[in-house]
K.L.:
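Have a look at this one before I ask anything.
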Amino acid sequence: MQTWTLENQRWRMTVSAEGAEIRQLTEKTVGREWLWKPDGEVWKSSAPLLFPVIGRLIHNGLWDDDNFYPLPAHGFLRHQPFTAQQHCAAMLRVISRATKQTLRSWPFLFSMQVTYQLLETGVRIHWRLTNEDTKPLCFSLGYHPGFALPLATEPGWCVTFEKGCVTGPFYTRDRTLSLAQNVTEVRQFALTADVFRGGAVYFAECAGSLVNVVSPAGKTVLQCQLTNQPWLALWGVPGADLLCIEPLSGTTDAPNASGQQRDKRGMQWLAAGGVYQQQLDMTFPADGAQ
């Protein structure tokens with residue numbers, strides 16, 4: 001599958017045409033690779049795009065009244081080909097559209113445009129979804145980047161939240177999420193050795209939040225600036241030096257999910273011809289890698 005390379009003075013980034021997935025994000029000045037390298041024994045991805053659903057579907061698809069559409073967890077777009085619309089040294093814009101194959105799983109015409117822009121401090125990602133159908137489009141949109149951080153080998157990491165009133169944590173069980181949990185406003189969340197033994201951990205009311213990853217030494221090594229994503233999930237594999245930070249417009253299924261698309265948490269409806277956009281800045285303080 002084709003790849004594209006972006007580069008500036010500090011960064012080199014490689015993006016695959018399959019799913020428009022970032023495969024490498026290398027900080028050249030310190031020789032550090034920040035993204036997780038896919039590993040079949042741990043996690044096979046690096047930074048997949050989640051569309052048109054997020055998380056597990058307990059019925060292996062969704063119904064629209066009596067019509068059933070089979071869908072994999074996290075949807076199909078992460079496996080679809082993208083083509084380049086614009087590519088220069090530090091910027092890439094790619095697009096993917098509905099196909100005969102996707103229409104069998106999700107009967108909507110759409111296009112998804114993804115723009116990557118290298119900054120001095122990291123990377124900005126912008127998603128632009130267009131409903132190219134004559135009917136409303138049902139969807140959720142999320143992002144699932146995994147970072148190569150020594151959580152297992154260096155205990156004491158945490159995540160902090162700035163800007164907004166984030167609530168949580170909501171713990172998953174068997175890749176499902178019940179909101180019937182005792183939660184509070186969250187400013188800091190410890191990444192202990194067993195925190196992901198049950199699966200991903202969700203946080204709500206995250207739109208506009210700044211998410212900081214803080215090392216055991218107290219240094220902020222990574223920041224994710226969310227825009228309109230109301231949910232954030234953290235996930236990793238116990239014993240692995242991996243942390244996924246997932247800004248999401250919806251969540252994995254509830255344990256008692258009906259399977260109807262209109263009932264899935266976080267599904268949105270986009271009018272015919274309408275446009276929906278998200279943005280994420282992933283930045284790395286210059287002294288955080290030291």
Side-chain angles (χ1 to χ4, degrees), residues 11-16 18-27 30-50 54-56 72-75 78-79 122-123 125 142-161 168-177 186 188-203 206 211-224 226 231-248 251-252 280 282-285 288-290:
W11 298 98
R12 181 183 299 111
M13 184 171 75
T14 302
V15 179
S16 172
E18 182 179 7
E21 185 171 9
I22 303 177
R23 293 297 190 184
Q24 292 181 309
L25 182 61
T26 306
E27 188 174 6
V30 294
R32 177 167 183 170
E33 176 55 47
W34 283 94
L35 276 192
W36 173 258
K37 183 178 180 180
D39 181 340
E41 298 297 318
V42 182
W43 186 51
K44 296 186 291 185
S45 299
S46 54
L49 176 59
L50 315 183
I54 290 166
R56 180 189 172 195
H74 292 322
R78 57 190 170 143
H79 301 302
V123 58
I125 311 170
Y143 192 48
H144 196 319
F147 299 95
L149 296 172
L151 302 191
T153 52
E154 298 178 10
W157 290 79
C158 71
V159 169
T160 66
F161 299 91
F170 295 91
Y171 293 95
T172 55
R173 182 176 181 180
D174 194 23
R175 296 188 71 190
T176 66
L177 178 65
V186 181
Q188 181 171 310
F189 183 72
L191 300 172
T192 59
D194 61 351
V195 71
F196 299 125
R197 291 207 179 275
V201 181
Y202 278 77
F203 300 85
C206 295
V211 183
N212 305 299
V213 180
V214 182
S215 74
K219 288 187 176 182
T220 297
V221 303
L222 164 62
Q223 296 179 303
C224 292
L226 279 61
W231 292 92
L232 182 88
L234 301 176
W235 179 77
V237 175
D241 287 333
L242 163 68
L243 176 64
C244 293
I245 303 174
E246 308 170 39
L248 309 166
T251 77
T252 194
L280 175 69
M282 304 188 304
T283 56
F284 305 79
Q290 305 303 316

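Residues take their numbers from the sequence shown, with the count starting at 1.
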K.L.:
Between the side chain of Y171 and the main-chain N/O of F196, is any donor-acceptor distance below 3.5 Å?
P.N.:
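The answer is no, because no donor-acceptor pair under 3.5 Å joins these two groups.
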
K.L.:
Apply the test side chain to side chain contact (heavy atoms under 4.5 Å, CB included) to residues L232 and V211: give CA-CA distance (whole Å), side-chain angles for both, the deciding distance (0.1 Å), then the verdict.
P.N.:
CA-CA 9 Å; L232 182 88; V211 183; 4.1 Å; yes

K.L.:
Going by heavy atoms in the side chains, are L191 and V159 under 4.5 Å from each other?
P.N.:
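Contact flag for L191/V159 side chains = yes.
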
K.L.:
Testing the basics here: between P216 and P155, what is the closest heavy-atom pair and its distance to 0.1 Å?
P.N.:
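For P216 versus P155, the nearest heavy atoms are CG-O, 3.3 Å.
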
K.L.:
Decide yes or no on side chain to side chain contact (heavy atoms under 4.5 Å, CB included) for L248 and L50, but give the supporting numbers first.
P.N.:
CA-CA 9 Å; L248 309 166; L50 315 183; 3.9 Å; yes

K.L.:
Quick one: closest heavy-atom pair of P238 and A193, and the distance?
P.N.:
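Minimum heavy-atom separation between P238 and A193: CB-O, 4.1 Å.
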
K.L.:
I'd like to know if the side chain of T172 and the backbone of V201 have a donor-acceptor N/O pair within less than 3.5 Å.
P.N.:
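Flag not set: sc T172 to bb V201 has no pair under 3.5 Å.
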
K.L.:
So, does S16 use its side chain to make a donor-acceptor pair with the main chain of E18 at under 3.5 Å?
P.N.:
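Looks like yes, one N/O pair under 3.5 Å.
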
K.L.:
Looking at CH2 of W235 and CD1 of I245, how far apart are the two atoms once the value is rounded to the nearest 0.5 Å?
P.N.:
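Here the interatomic distance stands at 13.5 Å.
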
K.L.:
In Å and rounded to the nearest 0.5 Å, what is the CH2 to CG distance from W157 to D241?
P.N.:
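The distance works out to 9.5 Å.
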
K.L.:
Backbone N or O of M282 within a donor-acceptor pair of the Q223 side chain at under 3.5 Å?
P.N.:
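No, Q223 side chain to M282 backbone: no donor-acceptor pair under 3.5 Å.
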
K.L.:
Looking at CG of L35 and CD1 of I22, how far apart are the two atoms once the value is rounded to the nearest 0.5 Å?
P.N.:
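It is 6.0 Å, given to the nearest 0.5 Å.
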
K.L.:
Could you tell me whether the side chain of H79 reaches within less than 4.5 Å of the side chain of P72, counting heavy atoms only?
P.N.:
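Counting from C-beta outward, P72 and H79 never come under 4.5 Å.
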
K.L.:
Are any non-hydrogen side-chain atoms of R23 and V15 less than 4.5 angstrom apart?
P.N.:
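Heavy-atom side-chain distance check fails, nothing below 4.5 Å.
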
K.L.:
Where do L222 and P285 come nearest, in terms of heavy atoms and distance?
P.N.:
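Looking at all heavy atoms of both residues, the closest pair is N-CD, 4.1 Å.
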
K.L.:
Taking C-beta and beyond as the side chain, do W34 and L149 meet within less than 4.5 Å on heavy atoms?
P.N.:
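Contact flag for W34/L149 side chains = yes.
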
K.L.:
Roughly how far apart are E246 CD and C206 SG, rounded to 0.5 Å?
P.N.:
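Those atoms lie 12.0 Å apart.
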
K.L.:
Got a donor-acceptor contact below 3.5 angstrom from the D39 side chain to the E41 backbone?
P.N.:
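Pair found, side chain donor or acceptor close to backbone of E41.
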
K.L.:
Could you tell me how the ring of W43 sits relative to the ring of H144: parallel (under 30°), tilted (30 to 60°) or perpendicular (over 60°)?
P.N.:
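Aromatic pair W43/H144 classed parallel.
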
K.L.:
With the side chain counted from C-beta on, respond yes when I125 and Y143 share a heavy-atom pair under 4.5 Å apart, and no when they do not.
P.N.:
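Yes; the side chains approach each other to less than 4.5 Å.
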
K.L.:
OG1 of T192 to CG of L151: how many Å apart, nearest 0.5 Å?
P.N.:
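The OG1 atom of T192 sits 10.0 Å away from the CG atom of L151.
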
K.L.:
Taking atom types as modelled, is there a side-chain donor on W11 or E27 under 3.5 Å from an acceptor on the other?
P.N.:
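Result is no, nothing qualifies.
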
K.L.:
Once you round to the nearest 0.5 Å, how far does CG of L177 lie from OG1 of T252?
P.N.:
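Spacing of CG (L177) from OG1 (T252) equals 7.5 Å.
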
K.L.:
Hey, does L280 have a side-chain heavy atom less than 4.5 Å from the side chain of C224?
P.N.:
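Touching, per the 4.5 Å side-chain cut-off.
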
K.L.:
For a side chain to side chain donor-acceptor pair (under 3.5 Å) check, start with the C-alpha distance between T160 and Q188, then their side-chain angles and the critical distance, and finish with the verdict.
P.N.:
CA-CA 4 Å; T160 66; Q188 181 171 310; over 6 Å; no

K.L.:
One pair to check against side chain to side chain contact (heavy atoms under 4.5 Å, CB included): F284 and T220. What are the steps and the verdict?
P.N.:
CA-CA 8 Å; F284 305 79; T220 297; over 6 Å; no

K.L.:
Check whether R78 reaches the backbone of A20 with its side chain - one donor and one acceptor, N or O, closer than 3.5 Å.
P.N.:
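The answer is no, because no donor-acceptor pair under 3.5 Å joins these two groups.
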
K.L.:
May I ask you to check whether F189 and F203 place their ring centers less than 6.0 Å from one another?
P.N.:
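Yes, ring centres under 6.0 Å apart.
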
K.L.:
Do you know which two heavy atoms are closest between A73 and R56, and how far apart they sit?
P.N.:
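Minimum heavy-atom contact is CB-CA, 4.2 Å.
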
K.L.:
Among E21, K37, Q24, find the one that has a side-chain hydrogen bond (donor to acceptor under 3.5 Å, both in side chains) with S46.
P.N.:
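Of E21, K37, Q24, side-chain hydrogen bond (donor to acceptor under 3.5 Å, both in side chains) with S46 is met by E21 alone.
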
